[in-house]
Undergrad: 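Dropping a structure here in structure tokens format, bear with me for questions.
Being a predicted model, the structure only gives us computed values, none of them experimental. Position 1 is the first residue of the sequence, and the numbers go up from there. Counting starts at 1 for both ligands and their atoms, following the listed order. Both backbone and side-chain heavy atoms feed into the values below; hydrogens, waters and symmetry mates do not.
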Amino acid sequence: MTTEIPKVYQVGDVTVTRVTEMMLGGIPPKVYFPGSWDRMFLEENRDSLPSGLIDGNSQLIVSIGTWVVKTTNHTILIDTATGNDKNLPLNPDLANLQLPYLKRLKEAGVTPEEVDYVLLTHLHVDHVGWNTKLVDGKWVPTFPNAKYVFPLAEQEYYSSEASHNKANEVNFNVYEESVLPVVEAGLTQTIGPEGGHFLEIFKFIPTPGHSIGQMSISLKSDGEEALFGADVMHHPFQVFNPDWNSMYCEFTDQARISRLRVLEYIADRPVIYFSTHFPESAAGYVTRNGDGYKWDFI
Ligand SMILES: [Zn+2]
């Protein structure tokens with residue numbers, strides 16, 4: 001059996017590599033884009049859309065993963081997927097996984113001990129899971145030498161009763177198992193509501209809506225630029241239909257505003273967009289297409 005060599009993107013002086021935790025197919029678009037999905041979009045555009053967006057039954061394909069950024073001095077992870085062994089009584093699909101994520105991370109050239117920073121766009125179930133791992137019945141930091149960095153507004157909300165509502169069922173118990181242990185280990189640093197620069201190359205940019213304090217993370221190095229858009233979009237169909245929210249977007253009007261702002265920004269610049277959930281490589285470019293936008297994988 002051959003091991004697939006992860007694709008490496010160069011952004012200025014740094015490299016970016018995808019580590020995919022899982023690919024998910026068979027997702028009905030009508031369920032994923034509640035109230036928005038329009039069958040005619042697919043009928044009319046099927047031939048011109050990039051391949052790999054849907055399966056043979058016209059159901060969506062999405063992924064969950066991490067981006068690894070390597071600079072001369074640091075190894076950085078952006079979002080940490082879902083994790084193994086998690087107790088998610090209200091989210092059985094993502095509960096108690098047993099996936100070889102750490103092995104894939106190693107194939108991408110990273111051991112847990114050498115991670116210097118874990119940057120989290122928001123604190124949803126599929127972005128914080130590998131923050132911790134279960135050892136002798138206790139949740140401990142997976143990356144013991146890392147500083148975990150995330151928006152303060154996310155911590156305040158998900159550590160409070162306010163977040164324990166129906167819209168957030170999928171995130172029930174996530175803060176307790178995947179965030180609190182790194183807080184208690186003294187490994188965290190928060191980003192204020194206005195966002196801001198981090199290290200020399202990153203900038204946290206508020207893109208709320210999908211979650212209360214979600215931030216996208218821009219990367220600039222040696223004149224080149226990329227954007228880790230988090231869950232501003234879940235699937236390339238939203239590049240073509242910016243008003244479609246996913247079923248996981250909590251504050252829907254604000255989510256549409258943030259999505260459009262990101263698309264406007266990256267459509268006119270050579271900015272690589274690194275998504276969390278797109279299928280295929282999960283990376284690509286947004287360009288203008290008439291009055292709207294289109295997507296191409298790289
Ligand atoms: Zn997500």
Side-chain angles (χ1 to χ4, degrees), residues 18-29 31-34 36 53 60-68 77-84 86 88 90-95 97 99 101 118-132 148-151 153-155 157-158 163 167-175 177-179 204-217 227-239 242 244-252 254-256 258-259 262-263 273-284 295:
R18 172 77 170 181
V19 173
T20 297
E21 182 189 47
M22 61 181 127
M23 300 291 296
L24 298 155
I27 300 168
V31 173
Y32 207 68
F33 301 119
S36 294
L53 304 190
L60 304 177
I61 305 171
V62 300
S63 68
I64 299 176
T66 289
W67 292 102
V68 177
L77 305 185
I78 299 189
D79 288 341
T80 62
T82 318
N84 282 356
K86 302 291 174 175
L88 302 167
L90 303 180
N91 190 351
D93 290 348
L94 297 182
L97 299 177
L99 296 173
Y101 172 90
V118 175
L119 308 187
L120 304 170
T121 58
H122 63 301
L123 302 184
H124 277 177
V125 57
D126 50 333
H127 295 256
V128 299
W130 280 103
N131 284 0
T132 59
Y148 292 71
V149 185
F150 47 80
E154 290 280 305
Q155 181 179 18
Y157 185 64
Y158 289 106
S163 69
N168 268 304
E169 277 182 357
V170 292
N171 297 303
F172 179 79
N173 209 32
V174 168
Y175 186 84
E177 287 190 339
S178 300
V179 183
F204 281 81
I205 301 168
T207 50
H210 169 70
S211 67
I212 200 159
Q214 173 179 262
M215 293 196 193
S216 299
I217 299 172
L227 185 72
F228 300 90
D231 286 4
V232 163
M233 295 179 280
H234 286 71
H235 189 274
F237 280 0
Q238 290 167 290
V239 176
W244 291 7
N245 280 324
S246 85
M247 64 190 287
Y248 303 113
C249 292
E250 294 185 51
F251 305 92
T252 51
Q254 185 60 49
R256 289 190 183 93
S258 289
R259 186 173 309 116
V262 165
L263 288 168
Y273 186 80
F274 292 116
S275 78
T276 313
H277 295 307
F278 286 12
E280 299 288 317
S281 67
W295 172 259

Undergrad: For Gln155 and Leu120: C-alpha separation, side-chain torsions, deciding distance, then whether side-chain contact (heavy atoms from CB on, under 4.5 Å) applies.
TA: CA-CA 11 Å; Gln155 181 179 18; Leu120 304 170; over 6 Å; no
Undergrad: Against Leu60, only a single residue in Ile27, Val31, Leu53 fulfils side chain to side chain contact (heavy atoms under 4.5 Å, CB included); can you say which?
TA: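 Single side chain to side chain contact (heavy atoms under 4.5 Å, CB included) partner of Leu60 among Ile27, Val31, Leu53: Ile27.
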Undergrad: Looking at the Zn ion (ligand 1), which N/O/S atom of Asp126 is the nearest one?
TA: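 Looking at Asp126, the N, O or S atom with the least distance to the Zn ion (ligand 1) is OD2.
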Undergrad: Taking backbone and side chain together, does His127 place any N/O/S atom at a distance below 2.8 Å from the Zn ion (ligand 1)?
TA: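 Looking at His127, which is the residue asked about, there is an N, O or S atom under 2.8 Å from the Zn ion (ligand 1).
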Undergrad: Can you classify the ring geometry of His127 versus His122 as parallel (below 30°), tilted (30 to 60°) or perpendicular (above 60°)?
TA: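 Answer is tilted, since the angle falls between 30° and 60°.
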Undergrad: Between His234 and the Zn ion (ligand 1), is there a contact where an N/O/S atom of the residue lies under 2.8 Å from the metal?
TA: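 False for His234.
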Undergrad: Check the orientation of Trp295 and Tyr273. Use parallel for under 30°, tilted for 30 to 60°, and perpendicular for over 60°.
TA: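 Rings of Trp295 and Tyr273: perpendicular, over 60°.
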Undergrad: For the Zn ion (ligand 1), give me the closest N/O/S atom belonging to Asp231, just the atom name.
TA: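 Answer by atom name: OD2.
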